[in-house]
Amino acid sequence: MIQHILLVAAREFRQIAATRSFWFTLLILPVALAVGPLAQSFLGDSDTRNVMLIDGGSGAGRAVAQRIELDEQQRVLGALARYVERYGLESVDPAAPWAQHDRWYTDADAAQFAADGGADAVAKKLAAAAPKGTPEFEAPEANYEIVKTPADIAAAPPAQLDALVKPYLDPPEDSDLRKLDYVLYVPERVTPQTPVRIWSNGRVSPGFVQTVQSVLTGTMRVQYLQDAGLSAQQSVAANTLVPAIRINSPPPGGGREKVLIQSILPLLLAYILLMSLLLSGSWMLQGTVEERSNKLIETVLACISPNELMYGKLFGTVAVGLVMVLFWAVCAAGVAFAAHGQIADMMRLAIAPVATPGVILTMLYFFLAGYVMVSMIFLAIGAMSDSFRDAQSYLTPVILVIAMPFAFIAQAVMSQTGGLAVQVMTWIPLYTPFTMLARLGSGVPMLEVIGAGVLLAAFIAVEFIFLGRVFRHSLLAAGEKASLKQIGQLMRRREA
Amino acid sequence: MTALLLDQVTKRFGNVTAVNDLSFAVPEGEVYGFLGGNGAGKTTSLRMVLDIIRPTAGRIEVLGKAPGRENSADLGFLPEERGLYKTMSAIDTIVYFGRLKGMSAGDARAEGERLLERFGLSDFAKTNVDKLSKGMAQKVQLATAVVNKPRLLILDEPFSGLDPVNQGLLEDEIRRASQGGATVVFSTHVMQHAERLCDRLLLLAKGAKRFEGTLDEARAELPARLTILSREAPNGLPGVARATMAGPAEHGWTAWAVEMEQGRDPGDLLEACTQRGFALRGFEQHKPSLHDVFIHIVGAGEARA
């Protein structure tokens, strides 16, 4: 019996491996992994917004520019502090603000940081002291870039600005004007009656509006305090008062970030299970339909039993799926080996929670069980179908039922908001493999793993009995497509 | 030894009885014809022999054992509806089925190559089936059936869809298998093939056996027919059931179409004519064809089904 099963499995495997679609699918993921980042770097749009400031004479425009610059430096400082903490480089300059990652950086910190040479200067200092293999610090992309205001616009009366800034927001195709995202006009005196104007080529970012608002509110507040009798110095000092904020956050790769990273691999595995299942399942289904439509079944069944044929096909399909997953895993390992620094670090964090023998066995079990469970459904559909069109009418609702909740599972696991719904889905055998694989990164109680695993095994056993009957009885049947009622009857029929 | 035995076998599909209380035995080495119209129960019977379906009642023995895949090493089967894996090469297809029947890969390949050479397909051994002509694919299918040199070769409507060249090739293969000691059971509704090949026949109608025996025994089921040339009408002669004029009288001699009574030998009529001085100028016996016998036994309506 085993020899027959292996012969059928080997033939199935060879038939699928001989198709172009198999190789295309096998290679598309690594190619996408390789080409994706490159394409992104070549084709990707910059997230930096170009901003032009028109100061009507109040000097507030310059204040907005300074605020934007300080905000950028604070952001860079924060990123630098995370980098220093991640690689333990505080000893390079323990007094530097970037070595103190338990507080919010003030404007004074940011200004000093910029004055000392900013990220470039610190990065050089750190690179000289960092252990070999430590990746270089890469400053985050700037949110805004202030573009020089042309003289004609700077000198134009406010009433003409609408017409003058329009070409910058939507430059004609043959124009060499630099496209702007925002143009900000601050009038000579900022009051509630004299509006500040913002022109935009799209939706205005709330962050940008808040920045402008905070600066101009400060300007108005200083004016108000001066009008109330405070000296100019006191007014400015009152406006710069800020509380010292201490921050306690998990180290890089900890807390929510850790949960996210640790959920990546199991989620990816669940997704790969789904994808490879749908692909290899449909290839197997094509093979079964071909055997029926080519009138091959009778010749085959004269040599082997329907069960041997069924198990052989399942084995062949599982083998195809495993080869695909193994190939992708090897590619991912190759990427991890070739990539140093942050990617390797992230991989290490992602692999850490699933690198124990128990978890590996659990993953393997749910992966294989998921494969067998869904492949069995595909197999029964193939046995009932005379053509791929016939099969599609059964297949479409089945794929919808299996695949639709995956997006919810992934989102719920990543955001950790699934709660009861994801737990309930863990106990529905059709979703158990996907849900369990997706949840393994964030930890699942042992009792739940064992319980859901046993329930899944029982479901597969029942599936083998009932769908096995459908498979056996349908192999030599001819005529119209079976209705749901007839499928139910086939499930209850015992004799051949 | 009995190669195939069916003992009171019945197969029902719901309310439909496809095979009804069928019993027969095929001794080893015999070429056995399974004759019947469409829906007579031929394919169902053969599927039960191969254990593709199970009988509702009765007993089947194949080479002395119960039906099952354990026998596949000794069986060859060519189904009525034929097909092959389109993307497999001719030789791989033969090797695959050889291996499913328990052969080693080497033996299956060697025998497959011999068969392809015998069928004139050596140059196409590595050609995928979907690139072969229909006739070539039919030869490959035949090769998958005989690659294991079966002791019992079962062929379901083997001649249907074959061109005359391949029909001849198949007849040769059946004779070759029989000469090699194999038992051949084949179903057909084309009587000429059965007449040429079968040692014994079974006529099936509506799932039930209507006749089993040799070709001569089958012919004996039909009243003998002959044409005589006489001066007098032969009605009234012993054994004559009916006699009708078959042509105009010439110089006093008339041609008569004579149908004998069932079981009466035309030789007896000739003897009676001699004894009685009944003048005869011509006496020609017509051997009934198997087709005639079939129509006679199962009825014209059944034969057309």
Side-chain angles (χ1 to χ4, degrees), chain A residues 1-22 283-284 286-313 316 386 472-479 486 489-490 492-496, chain B residues 11-14 43-44 46-56 67-73 75-89 92-93 95-105 108 128-130 137 140-142 144-145 147-148 150 152 154-156 161:
Chain A
M1 180 173 180
I2 291 294
Q3 196 196 342
H4 285 164
I5 291 172
L6 292 179
L7 278 169
V8 173
R11 203 209 69 78
E12 286 290 319
F13 186 91
R14 276 200 300 271
Q15 174 160 323
I16 293 173
T19 60
R20 281 194 202 100
S21 57
F22 170 77
W283 289 326
M284 174 189 65
Q286 276 179 5
T288 311
V289 170
E290 186 195 358
E291 276 172 343
R292 260 178 69 98
S293 58
N294 281 359
K295 316 292 182 195
L296 261 159
I297 283 289
E298 207 174 351
T299 316
V300 176
L301 291 184
C303 306
I304 60 172
S305 69
N307 278 344
E308 288 169 338
L309 180 65
M310 186 176 84
Y311 292 129
K313 283 179 168 294
D386 281 324
R472 285 190 293 275
H473 295 312
S474 302
L475 280 176
L476 289 169
Q486 286 165 326
Q489 286 169 345
L490 289 176
R492 291 194 295 275
R493 261 177 64 187
R494 286 175 186 229
E495 54 143 354
Chain B
K11 178 66 188 178
R12 291 189 197 94
F13 296 103
T43 299
T44 303
L46 296 183
R47 283 181 177 177
M48 286 191 286
V49 169
L50 292 161
D51 198 35
I52 293 174
I53 52 175
R54 302 263 163 83
T56 311
R69 272 76 190 180
E70 308 77 44
N71 304 327
S72 68
L75 294 184
F77 174 56
L78 192 65
E80 179 181 7
E81 291 185 318
R82 279 156 243 163
L84 295 165
Y85 293 105
K86 287 180 180 172
T87 53
M88 276 177 99
S89 71
D92 284 347
T93 304
V95 171
Y96 177 62
F97 281 101
R99 296 207 66 196
L100 286 183
K101 293 175 188 183
M103 296 175 81
S104 71
N128 277 7
V129 167
D130 59 354
V140 174
Q141 179 103 37
L142 178 60
T144 65
V147 63
N148 57 327
L152 174 58
I154 297 171
L155 312 166
D156 190 6

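Order of the sequence lines sets the chain letters (A, B, ...), proteins ahead of strands, with each chain counted from 1.
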Margin query: Between B/Asn148 and B/Gly76 (side chain of the first, backbone of the second, donor and acceptor by atom type, cut-off under 3.5 Å), is there such a pair?
Written below: no
Margin query: Just to verify, what does B/Glu80 make a side-chain contact (heavy atoms from CB on, under 4.5 Å) with, not counting sequence neighbours?
Written below: B/Thr43, B/Asp156, B/Glu157, B/Ser160
Check: Can you check whether B/Leu100's main-chain N or O pairs, donor with acceptor, with A/His4's side chain at less than 3.5 Å?
Finding: yes
Check: Just checking heavy atoms, which of residues 8-17 of chain A are less than 4.5 Å from chain B?
Finding: A/Val8, A/Arg11, A/Gln15
Check: Any idea which of B/Met88, B/Arg99, B/Gln141, B/Lys101 has the most non-hydrogen atom pairs under 4.5 angstrom with chain A?
Finding: B/Arg99
Item checked: Parallel, tilted or perpendicular: ring planes of B/Tyr85 versus B/Tyr96, cut at 30 and 60 degrees -> perpendicular
Checklist line | Interface moiety of A/Ala18 toward chain B, non-hydrogen atoms closer than 4.5 Å | finding: neither
Next item on the list: Applying side-chain contact (heavy atoms from CB on, under 4.5 Å) between A/Pro306 and each of A/Leu301, A/Val300, A/Ile297, report the one that passes.
Entry: A/Leu301
Next item on the list: Go through the structure and list residues passing side-chain contact (heavy atoms from CB on, under 4.5 Å) with B/Asp130, not counting sequence neighbours.
Entry: B/Lys86, B/Asn128
Check: Taking only residues two or more places apart in sequence, or in another chain, which ones meet B/Asp51 in a salt bridge (Lys or Arg N to Asp or Glu O under 4.0 Å)?
Finding: B/Arg54, B/Arg69
